[in-house]
Enquirer: 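First the structure, which I've put down as structure tokens, then a few questions once you've had a look.
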Amino acid sequence: MYVWPSTVSLRASVPRKITSPASTEVTKAVKVVKYTYVPLSDLKPGVVVNVYAVVTFFKQPFRTKGTDYCSTLKITDQSNQKVGCTIFCDKLEEHPKIFKMGDIIRLHRVKTQLFNGAISLLTSHGFSVVTFDGMVGSPVVPRTSSESFKFGEEDCQVVEALRTWAANQSLVPAQPCVPLSAVQPKTYFDLTCQLLAKAPVDSSCTLLKVWDGSKCPHPLLDVFVEPNTLEGCPTLSKDMANLTANVLVYDNHVEVARQFKPGSYLRIYNLHAVPGASRLPSNDSGQSDQTGHLGFHLHGGTSYGRGLRVLPEDSPDILDLKKILETFSESDINDSSMFEVWSTPPESFGVLTFFTVMTCDHTVEQVSLAEVKSRSPPQVFHVQVQLKSYQPQRLYQSLKLFCHKCKTIRDVPDDVTVEGLFSEAQKDVGPCNNGYWTLVLPLPREPPSESPSQTLTLLMSSQLMGNGKAQELIFLMGTCRIASAYSNIVPVTSPQGTMTPLDLSAPFLFRGTKRYYGCKQCSQLKVGESLGEGVEVWDEKSVADALGVQLLQYGLLMKLELQDGTGFLEALLWRDAESFFHVSAEDAAADQEAQDRVQETMDRLCPPGSSTAERPWMDLCLSAYTVEENGQRRACYQICHTGTRGTNPHTHPHATPRDT
DNA sequence: GGTTAGGGTTCG
């Protein structure tokens, strides 16, 4: 509930509710007004309304030919209606403080208008605006210059509802924010950075020297200006370390840039990465050759939201940036021994260290994800990306069993399922008679108090006993916990008095802490026949051979959603997953330490609750191929020839294997 | 009090 003193404004602010003349009679007392917000799909032309919405496009305020600055927006809400919105206001500080697409906006007293057959919104008298960060879970802090704005619990709820809704809509097509370490030449991107220094170049161009703490893999263009024209102090060492980006700001943006003070934090929208800009002002012939070096242009005009603004120091993205910048001290940067490290591209350092290394030897050019998607498979790509998300979140679900013969993949059954299979098999346990097998004994149960009806039977191969190898392979009927004295244990049952391996849903073999599975489709069981002649070593392969089991191989399967500022791409990690994590899938199935290593890797790539800026960048080799599903062909991507690096062995204290 | 602009890459 809000206090509003004017009945005239009240009518405007509550257009659909106030109809009774009685409500306008209370003019002496202060009015209690609840703002009504109209869904964008319900807008009719020619009325003044209040709306709440998500910003899907915006231009920073720019000077018009009239007296005002203009902000151009596109907004939407749960009604899914997209509405254009034009804000005229002569004071810059009264324009909406929009930092990125997805921000939430509250507009009071905007006028609906029919333009080109669609409803648009225009500022009207008494207009006011408040904006909010759009990220789900971030604090609901209103951004406004107004001191008299009204904001309460209900507003919080509306903001949170819009955030939640927007999060599932993919309203923002691609993440336009890219650090210098991931800039692709010839692309347009948004840069969040700190201003180191600036210098006027001419009446329509200003130079901004900025950095974001990340090292660009491409050499950066240096723009020389007379030292006395330079405001602020860029350190030469940052230039030498390829940390300083030179941004040339043109035309209408010069006026905006004039207000900036060195040290402040900026976001530059639709910045153009231009390689080999050789004809630059004041780049005299004494300069070293900078052909191919990357310069940055903020072209004139406002297309694609081109513009720039100062971001407040307490905004989440700036807090992230500050953390990164704080990892550099001048002494580090001036330390000449560090230069050698830095001059070895594409290595980086600090928070933005590249997390992976490619082991392939093909020399394909690095491309953006947008480009990957535009080309048709089969093809190999090199990309520089961050991890957006991954599946499965429960890493044990990424363990799979793979049959080399029929190429099928199945899940590893969990302990409960395996237990169920054994209980079921136990029902068929009975005396069995077979010339090949020697009934050694019904084993005593541990603990002995367990039901006597559950018998446990140990069988050994007569043939192996003859060879003195009886202990190497035993057959076990019933369930138990058994000492590791036996290296290969095959669980069996005896439905019609014939010893038979269990259904192949269950492990057909236990070896130490490891379990092995067979393919139901491809195995042709032959227990009862003689065991393989001439087998020297009894391991999972020879046991499988002897029993006619098609051995399944363990593998790790994950789906990684990658991002690089030009788009998103889902890629599988399967064929080379083991070398990516530096673990064997078979170990991961049995060994806690190996499982932890996979988990730690994922936690470092995608720290829980982390923002994009905190996630490390990866160099990946991607293989693109085509799969056919239900008659539909689609491109599929797999990460190959890539391994994580920099894993500190000290972070992996020896762990005890999982109890089996 | 009315006007401005009404998204969709510069050309340095």
Side-chain angles (χ1 to χ4, degrees), chain A residues 43 45 53-76 82-92 94-96 98 100-103 105 110-127 171-174 176 178 183-191 199-208 221 223-225 246-254 257 268-283 290 293-308 368 370 565-566:
Chain A
L43 296 176
V54 183
V55 178
T56 59
F57 173 80
F58 64 97
K59 286 183 176 184
Q60 294 300 337
F62 56 94
R63 203 182 268 292
T64 64
K65 288 175 187 151
T67 57
D68 295 337
Y69 288 95
C70 174
S71 295
T72 302
L73 318 178
K74 185 134 288 169
I75 60 176
T76 188
K82 313 258 183 310
V83 174
C85 184
T86 308
I87 289 159
F88 291 114
C89 195
D90 59 348
K91 296 187 183 67
L92 273 175
E94 287 173 17
H95 277 259
I98 301 168
K100 58 162 80 160
M101 299 188 204
D103 281 353
I105 191 165
V110 281
K111 194 166 55 188
T112 56
Q113 194 184 56
L114 211 50
F115 176 75
N116 279 348
I119 289 281
S120 61
L121 292 167
L122 201 62
T123 41
S124 79
H125 298 117
F127 155 82
L171 296 171
V172 184
V178 172
V183 166
Q184 307 283 342
K186 300 182 192 170
T187 58
Y188 292 86
F189 67 105
D190 293 354
L191 180 66
V201 174
D202 57 45
S203 63
S204 67
C205 181
T206 292
L207 169 69
L208 303 179
L221 183 79
V223 180
F224 178 78
V225 290
N246 284 278
V247 177
L248 290 161
V249 159
Y250 291 100
D251 304 340
N252 50 317
H253 310 300
V254 169
I268 309 178
Y269 302 91
N270 196 238
L271 189 57
H272 193 185
V274 183
S278 52
R279 288 191 304 127
L280 273 164
S282 313
N283 253 10
Q290 295 199 55
H293 289 212
L294 219 47
F296 300 92
H297 294 225
L298 185 68
H299 297 296
T302 61
S303 321
Y304 280 85
R306 195 177 301 137
L308 71 178
S368 67
T566 69

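Naming convention: chains lettered A, B, ... in sequence-line order (proteins, then strands); numbering from 1 in each chain.
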Enquirer: Excluding sequence neighbours, so at least two apart, what forms side-chain contact (heavy atoms from CB on, under 4.5 Å) with T112(A)?
Expert: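 Result, side-chain contact (heavy atoms from CB on, under 4.5 Å) vs T112(A): L43(A), V47(A), V49(A), I119(A), L121(A).
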Enquirer: Touch check for G300(A), heavy atoms < 4.0 angstrom, all strands: base, sugar-phosphate only, or nothing?
Expert: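 Base, at least one base atom sits under 4.0 Å.
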Enquirer: In whole angstroms, how far is the C1' atom of dG12(B) from the CG atom of N246(A)?
Expert: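 About 15 Å, once rounded to whole Å.
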Enquirer: If you check every side-chain atom of Y188(A), which of dG7(B), dG12(B), dT9(B) has the closest atom?
Expert: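 Selected nucleotide: dT9(B).
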Enquirer: Check side-chain hydrogen bond (donor to acceptor under 3.5 Å, both in side chains) between K59(A) and all other residues, then give those that pass, not counting sequence neighbours.
Expert: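 T302(A).
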Enquirer: Base contacts versus sugar-phosphate-only contacts with protein, heavy atoms under 4.0 Å: please encode nucleotides 1-6 of chain B as B, S and - from 5' to 3'.
Expert: --BBBB
Enquirer: Determine if Y304(A) stacks with dG7(B); use a centre-to-centre distance below 5.5 Å and an interplanar angle below 30° as the criteria.
Expert: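 Taking the rule of under 5.5 Å and under 30°, the ring of Y304(A) does not stack on dG7(B).
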Enquirer: Can you name the nearest heavy-atom pair linking D251(A) to G300(A), along with the distance?
Expert: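 Heavy atoms only, the tightest pair is OD2-CA, 3.5 Å.
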Enquirer: Calculate the interatomic distance between N252(A) atom CG and dT10(B) atom C1'; express it in whole Å.
Expert: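 It is 12 Å, rounded to the nearest whole Å.
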Enquirer: Over 60° means perpendicular and under 30° means parallel, so tell me whether F58(A) and Y269(A) are parallel, tilted or perpendicular.
Expert: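 If you compare the ring of F58(A) with that of Y269(A), the planes turn out perpendicular.
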Enquirer: What is the ring orientation for H95(A) with Y69(A), classed by angle as parallel under 30°, tilted 30 to 60°, or perpendicular over 60°?
Expert: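 Perpendicular.
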Enquirer: Round to a whole Å and report the spacing from CG of L271(A) to C1' of dT10(B).
Expert: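 About 12 Å, once rounded to whole Å.
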Enquirer: Measure the distance from NZ on K82(A) to C1' on dG8(B) and round it to the nearest whole Å.
Expert: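 The answer, rounded to whole Å, is 16 Å.
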Enquirer: Measuring only between side-chain heavy atoms, which start at C-beta, is F189(A) closer than 4.5 Å to P176(A)?
Expert: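 F189(A) vs P176(A): side chains apart.
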Enquirer: Pull up the glycosidic torsion of dG8(B) and say syn or anti, syn being anything within 90° of 0.
Expert: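 Glycosidic conformation of dG8(B): syn.
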Enquirer: For D251(A) and N270(A), take the nucleotide of DNA chain B holding the closest heavy atom to each; which residue's nucleotide lies nearer the 5' end?
Expert: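 It is N270(A), whose closest nucleotide lies nearer the 5' terminus.
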Enquirer: Applying a 4.0 Å non-hydrogen cut-off, can you work out what N116(A) is touching in the nucleic acid: base, sugar-phosphate, or nothing?
Expert: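 Touches nothing.
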Enquirer: With rounding to the closest Å, how many angstrom separate the P atoms on dT10(B) and dG6(B)?
Expert: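 Taking atom P in both dT10(B) and dG6(B), they lie 14 Å apart.
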Enquirer: Please report, rounded to the nearest Å, how far the P atom of dC11(B) is from the NE2 atom of H299(A).
Expert: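 After rounding, the reported distance stands at 8 Å.
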Enquirer: Search all heavy atoms of L248(A) against all heavy atoms of C205(A) and return the closest pair with its distance.
Expert: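 It is CD2-SG, 3.7 Å.
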